[in-house]
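Take a look at the structure below.
So you know, we letter chains A, B, ... as the sequences are listed, proteins then strands, and number each from 1. Side-chain atoms are counted along with the backbone in the values below, which use heavy atoms only and exclude waters and symmetry mates.
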Number of protein chains: 2
Amino acid sequence: MLACMSTQSTGRGEPDRTLRLLWRDRLGDPVGSRGPKQRLNVDSVVDAAIELADDEGVEALSMRRIAERLGLKTMSVYTYVPGKAELIDLMVDRVAGEQALPELEGSLRERLAQIAHLAWNEYLRHPWLLSIDTSRPPLGPNVSDRWEWSLRAIDGLGLSDLDMDQVVTLITGYVSGPARAYLDAERLHRAVAETDEQWWERNAPILEEIMDSSRYPISGRVGTAAGEEYGSASDPERSFRFGLERVIDGIEVYVRERTTPSAAS
Amino acid sequence: MLACMSTQSTGRGEPDRTLRLLWRDRLGDPVGSRGPKQRLNVDSVVDAAIELADDEGVEALSMRRIAERLGLKTMSVYTYVPGKAELIDLMVDRVAGEQALPELEGSLRERLAQIAHLAWNEYLRHPWLLSIDTSRPPLGPNVSDRWEWSLRAIDGLGLSDLDMDQVVTLITGYVSGPARAYLDAERLHRAVAETDEQWWERNAPILEEIMDSSRYPISGRVGTAAGEEYGSASDPERSFRFGLERVIDGIEVYVRERTTPSAAS
DNA sequence: TACATTCTCCGTATGGTGTACGGTTAACGC
DNA sequence: GCGTTAACCGTACACCATACGGAGAATGTA
């Protein structure tokens with residue numbers, strides 16, 4: 001039976017192989033040194049997968065293609081990794097460790113901004129992160145380290161444990177929105193050429209019929225502005241920073257409320 | 001050649017068939033009444049697909065299974081819809097129209113909360129929305145109506161067009177985070193039974209070795225709190241509301257700064 | 001009424017996917 | 001040297017989206 005496994009729990013035999021793999025540096029591989037040695041190692045497999053996803057997009061990420069890159073045949077990949085879902089977990093944890101976690105210093109605002117910028121950079125480097133199912137992030141060392149580091153940034157402010165969790169989720173979750181926008185704009189820019197012109201030529205009549213400005217007065221106005229801004233190679237990173245300021249403002253308001261119990265709205 | 005199309009542009013022949021389909025109610029189908037009538041219609045196909053995704057998850061969503069539900073053979077589905085990517089666009093726009101857009105009234109805070117709650121409800125009803133690639137949302141009537149409605153909620157506040165776009169993106173983007181958390185907790189709850197106990201039994205030794213509280217002091221504390229809160233059937237909707245208040249606070253701060261040009265931090 | 005046209009439905013086929021299973025062979029422990 | 005073990009991989013299976021072309025129904029036209 002070929003079960004349709006969604007993201008987890010492939011490690012049927014041994015107690016969770018995925019966890020063991022994620023923490024393979026800390027826990028040594030329980031390598032029974034009996035048979036022939038592996039030519040490669042888990043890291044090279046993960047690296048190849050990341051490179052492939054970076055180069056050709058997440059839709060090109062297949063076990064066959066990964067094997068190709070490694071000079072292996074498809075099924076050999078499975079001697080390194082239990083399956084594709086687990087491999088993706090490893091990829092996510094791996095890229096989470098690419099950037100060193102800087103010392104947390106400065107104001108709360110600056111520390112929160114550091115958290116956001118780390119995530120921002122990660123999305124720009126590895127756009128496929130936006131296209132994979134990130135429910136249930138893998139509990140690997142890098143993801144865990146970063147979570148701890150993020151929590152440390154807001155520790156000791158008088159927030160409850162649950163609030164702290166919420167705040168970090170909020171700030172990291174925020175980033176994906178503008179990151180998507182940024183990458184979309186970039187992709188658009190690359191794909192433009194004349195294909196774009198043709199697209200508009202074909203669709204202009206339909207769009208005009210549909211988007212009569214009586215139905216969408218504000219969208220029309222805003223869309224035009226956004227199009228000009230993003231289209232003409234402006235700085236979409238500015239948008240990221242804008243939203244970030246809003247989010248941080250909101251958090252600061254909350255922290256202040258908690259700290260100075262004067263006016264409870 | 002089987003091109004690997006990502007989400008768009010399948011409408012090769014006619015000027016964008018996807019748009020025509022999305023707006024099929026407004027623009028009448030250009031139905032050449034020559035051959036036999038279609039037994040079904042586009043809406044029933046979209047409905048079947050949504051039901052399937054609701055019932056069995058996004059991984060079960062295949063053209064074959066959809067055809068099955070409709071009493072058709074696989075390839076007949078393609079007479080209604082150009083391909084799977086386009087069908088998903090139609091699904092997204094369809095569920096965007098399920099909830100009537102309420103009158104926008106009350107304070108800015110209340111209006112922003114309305115926007116967020118609309119998205120929140122949608123995610124809870126259709127969890128698969130969190131698992132599909134939502135870069136480039138389809139420009140269908142319901143998505144467009146809702147965008148316009150959202151912009152209207154913050155129009156006339158003195159924000160620039162770009163800022164308005166940002167604010168709506170921010171508030172709707174925020175929701176996906178807690179929605180994911182909510183649905184994860186729910187799924188966990190359902191899958192618990194005794195499988196959970198076994199999972200812990202198997203993994204406890206590994207987890208203990210890894211998660212020694214010296215390395216993750218804060219995560220340990222916070223994780224426990226979150227686990228107790230979510231695990232013991234508390235109200236995760238509260239978390240959603242918490243973050244929402246923060247985001248709205250941040251937006252209010254910004255609006256106030258713009259409106260009363262006194263202290264520019 | 002007859003014919004040509006057109007469009008639905010679908011059988012078949014192609015090239016992709018993840019991965020189960022079993023075989024071959026290389027490397028080690030005894 | 002021999003038995004055990006594990007890496008590598010050939011083959012096969014179930015499933016996927018979808019291109020292509022044929023059968024037959026419904027219509028417009030002659």
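Distances shown here put every side-chain N or O of B/K73 at or beyond 4.0 Å from the OP1 or OP2 atom of C/dC9. For D/dA17, neither phosphate oxygen OP1 nor OP2 lies less than 4.0 angstrom from any side-chain nitrogen or oxygen of B/R65. Dashed line: the shortest gap from a side-chain N or O of A/Y78 to OP1 or OP2 of C/dC21 is not under 4.0 Å. Within the 4.0 Å cut-off from OP1 or OP2 of D/dC9, at least one side-chain nitrogen or oxygen of A/S76 is found.
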> Could you run down nucleotides 22-30 of chain C 5' to 3' and tag each one B, S or - for protein heavy-atom contact under 4.0 Å?
Replying inline: ----BBBS-
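B/Y216 and A/P141 make their closest contact through OH-O, 3.4 Å (heavy atoms, listed as atom of the first residue, atom of the second, distance).
Residue contacts for A/L61: at a heavy-atom cut-off of 4.0 Å it reaches the sugar-phosphate backbone alone, with no base atom in range. Counting any heavy atom pair closer than 4.0 Å across all strands shown, B/M63 reaches sugar-phosphate atoms only and no base atom.
Spacing between atom OH of A/Y80 and atom C1' of C/dG18 amounts to 19 Å, rounded to whole angstrom units. One interatomic measurement links the two molecules: CZ of B/R39 to C1' of C/dC7, which rounds to 13 Å at whole-angstrom precision. The CD-C1' distance, from B/E59 to C/dT17, rounds to 16 Å in whole Å. If you measure from atom CG of A/L40 to atom C1' of D/dC9, you get 15 Å, rounded to the nearest angstrom. Across the protein-nucleic acid pair, B/K84 atom NZ and D/dC15 atom P stand 15 Å apart, rounded to whole Å. We find that CG of B/L70 is positioned 13 Å from C1' of C/dC9, with the value rounded to whole Å.
Using modelled atom types, one finds no donor on one side chain facing an acceptor on the other under 3.5 Å when comparing A/S44 with A/D47.
Looking at B/F240 and B/W120, their side chains come closer than 4.5 Å, going by heavy atoms from C-beta outward. With contacts defined as side-chain heavy-atom distances shorter than 4.5 Å, the pair A/E122/A/Q99 qualifies.
Between the base of C/dG18 and the side chain of A/R64 there is a donor-acceptor pair shorter than 3.5 Å.
In this structure, the nucleotide among C/dC9, D/dC8, C/dT12 sitting nearest to the side chain of B/M75 is C/dT12.
A/L22 CG to A/R94 CZ: the interatomic distance, rounded to the nearest 0.5 Å, is 12.0 Å. Here B/L183 contributes atom CG and B/L124 contributes atom CG; the two are 5.5 Å apart, rounded to the nearest 0.5 Å.
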For residues 76-83 of chain A, dump all side-chain donor-acceptor pairs below 3.5 Å to protein atoms at least two apart in sequence or in another chain.
{"from": "A/T79", "atom 1": "OG1", "to": "A/S76", "atom 2": "O", "distance (Å)": "2.6"}
{"from": "A/Y80", "atom 1": "OH", "to": "A/L40", "atom 2": "N", "distance (Å)": "3.0"}

